[in-house]
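As the structure lists them, so they are numbered: ligands from 1, and atoms in each ligand from 1. Start at 1 with the first residue, then count along the sequence.
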Amino acid sequence: MTTQTGPASRLDDDALQGLKSTFRGEVIGSEDPGYDDARRVQNGMIDRRPALIVRPADAADVIAAVGFGREQGLDIAVRSGGHSAPGFGTVDDGIVIDLSRMRGVRVDPAERTARVEGGALLGDVDHATHAFGLAVPAGVISNTGVGGLTLGGGMGHLTRKLGLTIDNLIEADVVLASGELVKASAETNPDLFWAIRGGGGNFGIVTSFLFRLHPVSTVVAGPTLYALDQAEAVLHWWQDFIAQAPEELNGFFAFLIVPPAPPFPPELHMRKVCAIVWTYSGPVDKADEVFAPIRAFGSPLLYGVQPLPLPAWQAAFDGLYPKGTQMYWRAEFLNELSDEAISIQVRHGAVPTVQSTSHIYPIDGAVHRVGQDDTAWSQRDVRFTQVVLGADGDAANAAMIRDWAVGFGDAIRPFSAGGAYMNFIMDEGQERVRTTYRSNYDRLARIKAHYDPNNLFHVNQNIRPA
Ligand SMILES: Cc1cc2nc3c(=O)[nH]c(=O)nc-3n(C[C@H](O)[C@H](O)[C@H](O)COP(=O)(O)OP(=O)(O)OC[C@H]3O[C@@H](n4cnc5c(N)ncnc54)[C@H](O)[C@@H]3O)c2cc1C
């Protein structure tokens, strides 16, 4: 038996022994070897000391952990990939339910579905589905958790063609605050199914997702890089071009510093540039034609577009963000980029470090074909979501990258379409959550009151029970 000290000392010893006696996964206290590693999350700015970290092996363990947390009166943090910007995957003095042992993916190629455990990473899904030439649209870094990304919406290289990740969710198994495990789908608990498609981890712990898959295997993808002084022209051209481009073509605008590594040519290393990061998921033999107007525009420093297996492309930027990177996030939904909005972008766009970046993702196409109140994710009419990420490996630069992100974020706020993608912001408080969900907020609060009346799951972008 582990002797608990520090914050964990207030845990009831008998209750802890009871939990351990049936738990099949790991139970890690503050004195246990591995505690310091287990408490770390992706964002190096987050440094919290939970009383207990558990790693369930299965849904039964998740139920036991929820019961333990509830009965001991502990704050409960749920972790899948641990990528949450404000560190919602951990909590001081509470219990972390870390799903990282639950990463199984089972593909049904005939039905074109994938059953994905709640702690899987995007790369686990890509690996499993690619074997069948199938894919689910998700995010652009493969070690992001399916759990947090999906429950918040989920956008990436395939969004224009296939919609948000939630638009491809068929059902989920959810462990509620009561400890009951229920199915959420269009037919079973449809209100819960509505709420988890954008409402984050507010309603329970998803132990398994069922996704619809699509035939996407090889994509034609890569960046076109332009000199920073071309940013204004590139933004003007891109926003018009992408609006009429075929949905198979995704392209997000970025400010960045060229990483000092292949495949980038040495003469561009560490140069501040702007870029459009393209992904074409239509027939490969049509790609030349689709990219013709892109090749014809401006004078790119690099035309880096090439055919790639989707999983390789979705993992292409992983190396930039090792665990422990200092990160400060700001975000905004945007519509039309006016001349003034573009000049603000240009004024702030010179990123301070090689890991810092700003992306403007198009969220039109298939995203717009879902109604504003069909899912909790309400921003079905906006054109773009921007994320500004100050990031660096050195804690000494934390204030500098935060100041840049905050300055850029404040400057674009007046042009906001209202609210921000919940997965791209720090903890900015209740009003920001309410603004983002717009007219869906009240319904979310009512559903929260039904499934989690005491707000047991509150370490998240919190929706308070009505
Ligand atoms: C490097 C990087 C790249 C990113 N790229 C993209 C991108 O391309 N597209 C995009 O849409 N987003 C992207 N994001 C944002 C990402 O979607 C969010 O950070 C998301 O919350 C991460 O999910 P996670 O499971 O890794 O995080 P965690 O920190 O583990 O969890 C985040 C939140 O979700 C809840 N949660 C997680 N799993 C479950 C579950 N199974 N059941 C219930 N609640 C759960 C947690 O309680 C927490 O509140 C990126 C983030 C990073 C750090």
Measuring from [atom], which candidate in [options] has the nearest non-hydrogen atom?
atom: atom 35 (C) of ligand 1; options: Asn202, Val140, Val175, Val78; result: Val78
atom: atom 17 (O) of ligand 1; options: Asn462, Asn423, Thr357; result: Asn423
atom: atom 42 (N) of ligand 1; options: Val206, Thr165, Ile141, Leu320; result: Val206
atom: atom 39 (C) of ligand 1; options: Leu164, Leu151, Val174, Val459; result: Leu151
atom: atom 43 (C) of ligand 1; options: Gly204, Gly147, Gly118; result: Gly204

How would you list, by chain and number, every residue that makes a salt bridge (Lys or Arg N to Asp or Glu O under 4.0 Å) with Arg443, sequence neighbours excluded?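 With neighbours one apart ignored, the set is empty.
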So is [X] polar-close to ligand 1, meaning N/O to N/O under 3.5 Å?
X: Met155; value: yes
X: Val146; value: no
X: Ser80; value: yes
X: His83; value: yes
X: Gly148; value: yes
X: Tyr421; value: yes
X: Gly82; value: yes

Residue and atom name of the nearest protein heavy atom (relative to [atom]), distance in Å to one decimal:
atom: atom 24 (P) of ligand 1; value: Gly81 N, 3.5 Å
atom: atom 26 (O) of ligand 1; value: Gly145 N, 2.8 Å
atom: atom 6 (C) of ligand 1; value: Phe424 CE2, 4.0 Å
atom: atom 4 (C) of ligand 1; value: Thr144 OG1, 4.0 Å
atom: atom 10 (C) of ligand 1; value: Leu149 CD1, 3.3 Å
atom: atom 48 (C) of ligand 1; value: Phe88 CB, 3.7 Å

Considering only heavy atoms of Ser84, which atoms of ligand 1 have at least one such atom less than 4.0 Å away?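 The atoms of ligand 1 under 4.0 Å from a heavy atom of Ser84 are 19 (O), 27 (O), 28 (P), 29 (O), 32 (C).
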Does some side-chain heavy atom of Phe384 sit less than 4.5 Å from a side-chain heavy atom of Leu337?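 Yes, side chains in contact.
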Classify the angle between the aromatic ring planes of Phe253 and Trp238 as parallel (below 30°), tilted (30 to 60°) or perpendicular (above 60°).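 Answer is tilted, since the angle falls between 30° and 60°.
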Measuring centre to centre across the rings, with the benzene-like ring taken for any Trp, is Trp404 within less than 6.0 Å of Phe255?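 No, they do not, as the ring centres are separated by 6.0 Å or more.
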Do the two ring centres, one from Tyr451 and one from Phe203, sit under 6.0 Å apart?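 Not close enough - the centres of the two rings lie 6.0 Å or further apart.
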Show every donor-acceptor pair shorter than 3.5 Å between a side-chain atom in residues 79-87 and any protein atom, with sequence neighbours excluded, or say none if there are none.
residue	atom	partner	partner atom	Å
Arg79	NE	Gly89	O	2.9
Arg79	NH1	Ala38	O	2.9
Arg79	NH2	Ala38	O	3.3
Arg79	NH2	Gly89	O	3.3
Ser80	OG	Gly118	O	3.1
Ser80	OG	Gly147	N	3.4
His83	ND1	Thr144	OG1	3.1
His83	NE2	Gln42	OE1	3.2
His83	NE2	Asn143	O	3.3
His83	NE2	Asn143	OD1	3.4
Ser84	OG	Gly87	N	3.2
Ser84	OG	Phe88	N	2.9

Pair Lys448, Asn455: side-chain N/O donor-acceptor within cut-off below 3.5 Å: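 On atom types as modelled, these side chains qualify, holding a pair under 3.5 Å.
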Establish, from distance only, whether the side-chain atoms of Thr90 and Arg40 form a donor-acceptor pair under 3.5 Å.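 Arg40 and Thr90 do not have a side-chain donor-acceptor pair below 3.5 Å.
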Under 3.5 Å donor-acceptor, [X] side chain and [Y] backbone:
X: Asn43; Y: Met327; value: yes
X: Asp392; Y: Thr353; value: no
X: Thr435; Y: Glu431; value: yes

Going by heavy atoms, is [X] under 4.0 Å from ligand 1?
X: Trp329; result: yes
X: Gly156; result: no
X: Phe317; result: no

Provide the closest heavy-atom pair for Gly204 versus Phe457 in the form atom of the first, atom of the second, distance.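 Heavy atoms of Gly204 and Phe457 come nearest at CA-CE1, 3.5 Å.
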